[in-house]
Asks: 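Please see the structure below; I have some questions.
The chain is numbered in sequence order, starting from 1. Both counts, for ligands and for their atoms, begin at 1 and track the order of listing. Predicted model only: the values in this text are computed from it and were never measured.
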Amino acid sequence: MIRFEHQNLLYSKDLRTAIEPARLKDYTEAVLNAHAEIQADRRADILGFYDLPQKDIFPITDFMSKIDPKFDTMLVLGIGGSALGNKALYNALKTERNLPRKVYVYDNVDPIFLHEILREINLETTLVNVITKSGTTAETMAGYMIMADLLQRRFPNDYHQRMIITTDREKGFLRQVIKDEGYPSFIVPDNVGGRFSVLTDVGLVSSAFAGIDIDGLLQGAGEMAELCAEADLMHNPAYLNGLLHYLYMREGKNISVMMPYANALYDMADWYRQLWAESLGKRRDVKGREIFVGQTPVKALGTTDQHSQVQLYTEGPYDKVFTFLSVDNFDTDFIIPNLHPEREEVSYLGGKPLSKLLNAERKATEIALTQAGRPNCNIIFPRLDEPSIGAFIMMYEIQTVFTGKLLHINPLDQPGVEAGKIATYQLMGKKGYN
Ligand code: PA5
């Protein structure tokens, strides 16, 4: 199970600007209210992500056991919540789990990006997975039409066995395409919002294809959901972290930096960026009053960004709160050879694992930030495996909804994205959008 080290979010000698632990008590009622609202939302069946650990994965495992073994690559077409989780899961686990199959994610409409992917993959051995909850997203529909056309022309006899579609159970244009063309299909459940959907078919199908143990992901998520079931802050890491981030937001720390010390977790920080930004960045509260809230999520990479961003983080404005992601044990490692034992400039590194240097540098950044009075916390993955990743995802989904409740906003909608979608339809000449 992952561990949450939060002591550097609370008051200490160095962290003069941090939150006094005693202050948390003042929020007992707010926490209980937020918890009660979450329970009510669960009863109203709009927070379906909580129940995904109990999901029946047989349709996925059964499908995977029957696909043609020639398929060694999956190309996901999707965007936002229908893409970021796929990338995050695959890149977190591909090396440490030595995954046998590849996953590419095309989550843009950039022609060069598509060209590069098509140049790298072998179409003959690629299964395309179109993912869109609404079935209307312009980016995904453009990708779908390009790829469906390509497959139909190149494989006229069995193109419908080379594409699968993940969309709403009943609604939408793509459900009709599935019926007309006979593409295999999976479901984005009604009661799970796009950016909360990584543990539905949206993220599990590409994961199972790659060779990720999806049962292990759900098991870890289930353990975290259980841990976060009560409103007791000291035993509920999602609520505690949510409350602390909320309090820092109120003190003007409107930037939340997530800094994995593991390249494999960099896309997990990207997944977090969408979850935190789209859920909490809101103009109005639930009563319709203008409040303009949110905390800008930023991703940084340790150690790389120590040589790019950490100067700003330690000496710049006091407007940030930091989250490190770190890994205790790397299965893939190197011992740095003691190539120049006589030279003290480098001999201290000799004979030590590269991962030890990585984790020492993370600790060093934590110390530097703390001494500079910058609140920070650390989420520790014992190793990069499915239960840890599943637990992390569930913790952040719960934390996001809980923080939304403290802010009195709706963390499940995204009205600010609509204007851009409508303008795109107008610019591209969609009927009814003049
Ligand atoms: O969180 C969300 O709802 C969005 O980010 C969506 O995931 C994104 O816009 C893609 O939508 P769809 O799956 O309908 O294509």
Asks: Among the heavy atoms of Glu139, does any lie under 4.0 Å from an atom of ligand 1?
Replies: no
Asks: For Asp107, enumerate each residue passing the salt bridge (Lys or Arg N to Asp or Glu O under 4.0 Å) test, keeping only those at least two apart in sequence or located in another chain.
Replies: Lys87
Asks: Do the side chains of Asp41 and Lys405 get close enough for a salt bridge, i.e. N-O under 4.0 angstrom?
Replies: yes
Asks: Any idea which protein heavy atom is nearest atom 14 (O) of ligand 1, and the distance to it?
Replies: Ser134 OG, 2.6 Å
Asks: Students should be able to answer this: which protein heavy-atom is nearest to atom 9 (O) of ligand 1, and at what distance?
Replies: Lys421 NZ, 4.1 Å
Asks: Can an N or O of Gly81 be found at a distance shorter than 3.5 Å from an N or O of ligand 1?
Replies: yes
Asks: Scan side-chain atoms only and decide if Tyr261 and Gln306 contain a donor-acceptor pair under the 3.5 Å cut-off.
Replies: yes
Asks: Within the 4.0 Å heavy-atom shell around Glu278, which atoms of ligand 1 are there?
Replies: 1 (O), 2 (C), 4 (C), 5 (O)
Asks: Suppose we measure from atom 5 (O) of ligand 1 to each protein heavy atom; which comes out shortest, and what is that distance?
Replies: Gln274 NE2, 2.5 Å
Asks: Taking only heavy atoms of Gln414, which atoms of ligand 1 are found under 4.0 Å from at least one of them?
Replies: 3 (O)
Asks: So, regarding Lys133 and ligand 1 (criterion: nitrogen or oxygen to nitrogen or oxygen, under 3.5 Å), is there a contact or not?
Replies: yes
Asks: Is it the case that Thr323 and Asn376 place a side-chain donor and acceptor less than 3.5 Å from each other?
Replies: no
Asks: Answer yes if the side chains of Asn129 and Ser206 hold a donor-acceptor pair under 3.5 Å, and no otherwise.
Replies: no
Asks: Distance alone, cut at 3.5 Å: any donor-acceptor contact between the side chains of Thr424 and Tyr433?
Replies: no
Asks: Atom 11 (O) of ligand 1: which of Val417, Thr167, Thr137 has the nearest heavy atom?
Replies: Thr137
Asks: Which pairs count as side-chain hydrogen bond (donor to acceptor under 3.5 Å, both in side chains) when at least one residue sits in residues 410-419, sequence neighbours excluded?
Replies: Arg195-Gln414, Lys282-Asp413
Asks: Out of Ile79, Asp107, Leu412, Leu77, who gets a non-hydrogen atom closest to atom 10 (C) of ligand 1?
Replies: Ile79
Asks: Within a radius of less than 6.0 Å around NZ of Lys70, do more than 12 heavy atoms belonging to other residues, nucleotides or ligands occur?
Replies: yes
Asks: Counting from 1, what ligand 1 atoms have a heavy atom of Arg195 closer than 4.0 Å?
Replies: 1 (O), 2 (C), 3 (O)
